[in-house]
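What follows is a single structure, written as structure tokens, with notes after it.
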Amino acid sequence: MPELPEKPTLEGLEKKWSAAWEADGTYRFDRTASRDEVFSIDTPPPTVSGSLHMGSVFGYVQTDANARFRRMQGRQVFYPMGWDDNGLPTERRVQNYYGVRCDPSVPFDPGFEPPAQPGKDALPISRRNFVELCHRLTAEDEKVFEQLWRSVGLSVDWDLTYATIDERSQRASQRAFLRNLARGEAYASEAPTLWDVDFQTAVAQAELEDRDQTAAYHRVRFHRPDGGEILIETTRPELIPSCVALVAHPDDERFRPLFGTTVRTPLFGVEVPVLPHRLAEPDKGSGIAMICTFGDTTDVVWWRELKLPTRTIVQRNGRFQTARPEWLPSGPWDDLAGSTVKQAQRRIVELLGESGELVDEPRPITHPVKFYERGDRPLEIVTSRQWYIRNGASDPELRSSLLGAGTDLAWHPDFMRVRYEHWVEGLNTDWLISRQRFFGVPIPIGYPLGPGGEILHDQPIVPDEASLPVDPSSHVPPGYTEAQRNQPGGFTGDADVMDTWATSSLTPQIACAWEDDPDLFARTFPMDLRPQGPEIIRTWLFSTVLRSRFEHGSLPWTDTTINGWILDPDRKKMSKSKGNVVTPMPLLDEHGPDAVRYWACRGGPGTDTAIDFGVMKVGRRLAIKLLNASKFVLGLGGAGADSAAAVTEPLDLAVLAALAEVAEEATSALDGYDYTRALDRVESFFWRFCDDYVELVKGRAYGEGPPAASARAALGIALSNLQRLFAPFVPFATEEVWSWWQEGSIHRQPWPDGTELRAAGGAGQPALLAVAADALGEIRKAKTEAKRSLRTDVVRATITDTPERLAALRAAESDLREAGRLAELVLLEGEGLGIDVELAPPE
RNA sequence: GGGCGCUUAGCUCAGAUGGUCAGAGCACCUGCCUUACAAGCAGGCGGUCGGGGGUUCGAGUCCCUCAGCGCCCACCA
């Protein structure tokens with residue numbers, strides 16, 4: 001047994017024990033364990049191209065506390081760590097970091113090295129070089145994250161890591177997609193889709209966000225054949241050239257006579273019909289709207305349901321097409337050709353003013369506009385061919401089955417379930433998974449080319465599962481040769497990659513090695529726990545439930561814990577743009593990992609929590625107290641060696657019985673993922689233990705004979721239990737104090753559920769400890785109020801209390817005398833606690 | 001427009017199924033060098049539990065309503 005330190009300190013514990021845990025394989029998963037012995041966690045793969053901030057620490061530490069509890073309960077914890085490195089965030093980071101951009105038309109350069117400093121203009125490089133840079137940079141980013149996780153003491157098994165772009169993930173992702181395709185759960189379709197003109201890719205419903213934008217209502221004249229006019233209001237006058245109809249509510253008396261007639265558009269004089277539709281709202285604008293292809297998603301609904309023609313003028317790069325559209329034989333096209341949407345709007349407004357078709361000044365408004373969550377310009381709607389996975393948006397049976405899955409899943413906290421339900425109920429399109437990007441898992445499909453070089457989309461060439469993962473840009477389908485690529489009569493590969501969620505939705509399958517390692521899979525899947533943030537219930541959680549339902553007909557996990565938001569010290573949400581992001585490393589250096597973990601664990605499940613340095617200080621103080629209290633108890637000698645059988649004194653039995661209650665409550669709280677409650681109960685008991693119980697029995701414990709042995713034994717048992725009860729929360733300090741007197745890591749010890757304490761102190765009366773502590777408190781109070789030292793001798797203390805409480809006090813009388821330095825103690829029966837203390841005169 | 005959550009001492013938060021539930025820590029004040037801990041110990045000050053109504057013998061604790069804050073969703077002419 002190592003010597004007790006003269007002056008215990010937290011310094012150096014993180015380094016010392018991180019290294020020991022790594023060397024000893026403390027958190028290594030035992031893959032011979034059977035499924036019911038395993039506790040498997042579907043850890044969120046952090047986006048490594050994102051920045052490190054306290055939000056990264058908060059939820060992961062809470063999960064780690066739960067993981068450590070399960071491990072001590074005897075479960076084999078399957079706790080892998082993934083890195084989410086595929087997709088647009090990585091592309092963008094690589095572009096900025098190296099000053100490059102991907103241009104698929106540039107040939108591969110095997111000796112390419114990025115410039116030391118990013119240049120002013122982005123350097124165009126080949127797709128393959130670009131992807132290589134993505135891999136290079138994410139590898140660096142992943143190291144930084146791993147270092148952070150080790151610093152805060154995550155008990156992850158570092159042999160079980162994966163990346164969402166690695167070969168195993170790609171294989172799982174493509175295999176799942178091909179099976180979705182074979183079962184009809186995935187399909188391709190040519191349709192209007194929301195489109196980011198900067199990234200030039202389609203985006204999915206789950207990736208949208210509304211942003212308030214300033215705009216203006218423009219009152220514009222449409223012309224009736226009889227010379228009359230109809231005024232419509234629009235925020236997008238530049239789309240007049242793509243107008244295909246006007247629409248009003250069927251019951252709107254103002255426009256009813258016009259249904260079935262036609263009007264001519266301003267500037268261009270195109271004849272369009274006036275039609276009724278229930279979605280037109282009489283009190284919006286002028287009550288009659290123009291339908292364009294496409295200004296917003298309502299246009300798409302109208303276009304589809306009213307079977308209108310498509311008159312697209314905005315191209316995928318966000319600019320008007322250059323050639324004059326054939327449906328605009330007249331009108332000022334040359335002024336608009338090739339301009340951006342913004343430029344075109346300005347010009348059209350000028351032209352409308354000149355022609356007298358603009359009524360009044362434009363009226364400024366602020367309204368919500370759909371953006372890609374990572375994008376900078378409003379989304380446009382373009383028609384393109386995309387891949388979809390069914391999600392229940394247009395399939396009531398699937399939808400209700402998914403709602404049922406949400407009910408079967410145990411949510412912590414439970415109210416988070418409604419976010420899932422609202423999302424499922426509000427889905428309006430299937431899940432668009434294809435992206436016109438570069439760094440992602442390719443859609444593993446090829447197509448034959450017709451004699452004219454046209455792509456035969458209806459005859460997709462599907463690779464064999466054994467050949468996965470494949471990259472269609474280099475993969476040659478059986479029966480073809482590379483020379484036939486992109487040649488008439490030959491073949492071509494699907495150029496798209498999958499959305500990052502299309503892969504992330506398979507993290508249980510990836511982590512558990514679905515199909516790659518059926519033995520491991522059987523021992524770990526379906527998993528036990530999915531911890532994650534609330535903002536990705538609609539994406540990650542939902543899509544994971546969906547994929548598992550399709551592939552396995554089961555939930556991916558039985559439980560999910562949803563953490564709260566991190567707010568900055570002023571209770572504002574942290575975000576890069578506000579510049580109030582708090583980075584974890586300096587805080588870890590200043591307060592220590594246990595203190596930061598304590599702060600994180602004080603944030604309840606699903607509860608938004610502000611960064612609070614005061615709470616971290618409290619955590620640090622707790623860890624130090626744990627060192628000092630342990631040192632004291634162990635310094636009495638015999639604590640470890642005295643057997644439980646020696647606990648005989650009523651006060652000693654009482655403390656063990658009281659702690660048993662705490663242990664039982666902590667256990668049931670943690671069983672329900674309520675780590676905060678467990679920590680709270682253990683912590684408050686611990687301080688009472690130090691301040692009252694230890695003070696009461698200290699004198700006796702120094703002595704000899706059975707009463708002294710009883711105190712030392714009780715102190716030892718209580719200490720062992722307390723150390724273990726704290727282990728999930730402050731793993732470094734608890735491991736340190738455990739090592740002073742025990743063999744093996746504390747994190748592999750049996751969880752103290754109260755059984756051992758009941759056995760040792762079952763006859764104890766917890767109330768006894770409380771009564772004695774109250775009396776000691778009164779004596780201290782008398783001394784403090786007299787401004788005397790607590791060492792002051794008491795000539796006589798007279799305590800009045802109820803008979804029951806006096807009986808309890810008598811059982812602890814000698815401890816109370818010694819702790820209070822009472823020469824004489826008089827006990828009188830009365831109504832309640834009263835005390836009269838006569839202090840020894842000052843010297 | 002709809003939904004969810006929050007609103008308890010100056011600050012951060014506990015208060016499971018309504019009856020010692022008005023608490024803890026921080027901060028502040030007053031003391032104490034007490035041989036585990038002065039990064040400590042003892043004590044004190046401090047709140048009509050967001051507003052209003054209701055149910056009940058009794059409500060931070062249940063119901064209704066209003067307000068503020070945060071988040072999520074919504075077809076944004």
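Just so it is clear: chains get the letters A, B, ... in the order the sequence lines come, proteins before strands, and each one is counted from 1.
- Aromatic ring pairs are classed by plane angle as parallel below 30°, tilted from 30° to 60° and perpendicular above 60°; the pair Trp423(A) and Phe542(A) is perpendicular.
- Under the Watson-Crick or G-U wobble criterion, with both distances below 3.5 Å, G60(B) is left unpaired in every strand shown.
- In this structure, Arg419(A) does not reach the G3(B) phosphate: none of its side-chain N or O atoms is under 4.0 Å from OP1 or OP2.
- Using a 4.0 Å heavy-atom cutoff across all strands shown, Arg620(A) reaches at least one base atom of the nucleic acid.
- Using cut-offs of 30° and 60° for the angle between ring planes, the Phe689(A) and Tyr693(A) rings count as parallel.
- When each of A14(B), A36(B), C32(B) is scored by its nearest atom to the side-chain atoms of Val694(A), the top-ranked nucleotide is A36(B).
- Using a 4.0 Å heavy-atom distance criterion, Lys781(A) is classed as a sugar-phosphate-only contact.
- Taking 4.0 angstrom as the limit, Lys370(A) places a side-chain polar atom (N or O) nearer than this to OP1 or OP2 of C75(B).
- For the pair Lys783(A) and U30(B), the criterion of a side-chain N or O lying under 4.0 Å from OP1 or OP2 is not met.
- Phosphate proximity of C37(B) to Lys7(A): absent, as no side-chain N or O sits under 4.0 Å from OP1 or OP2.
- Val369(A) comes within 4.0 angstrom of a nucleotide base, judged by non-hydrogen atoms across all strands.
- Trp740(A) has its side chain within reach of Pro5(A): a pair of non-hydrogen atoms, C-beta onward, lies under 4.5 Å apart.
- Base pairing of A39(B): no nucleotide in any strand meets the Watson-Crick or G-U wobble criterion (both distances under 3.5 Å).
- Relative ring orientation between Trp599(A) and Phe58(A) is described as tilted, the plane-to-plane angle lying within the 30° to 60° band.
- Between A36(B) and Tyr702(A), a contact under 4.0 Å exists linking OP1 or OP2 to a side-chain N or O.
- Pairing for C45(B) is absent, judged as Watson-Crick or G-U wobble with the two contacts each under 3.5 Å.
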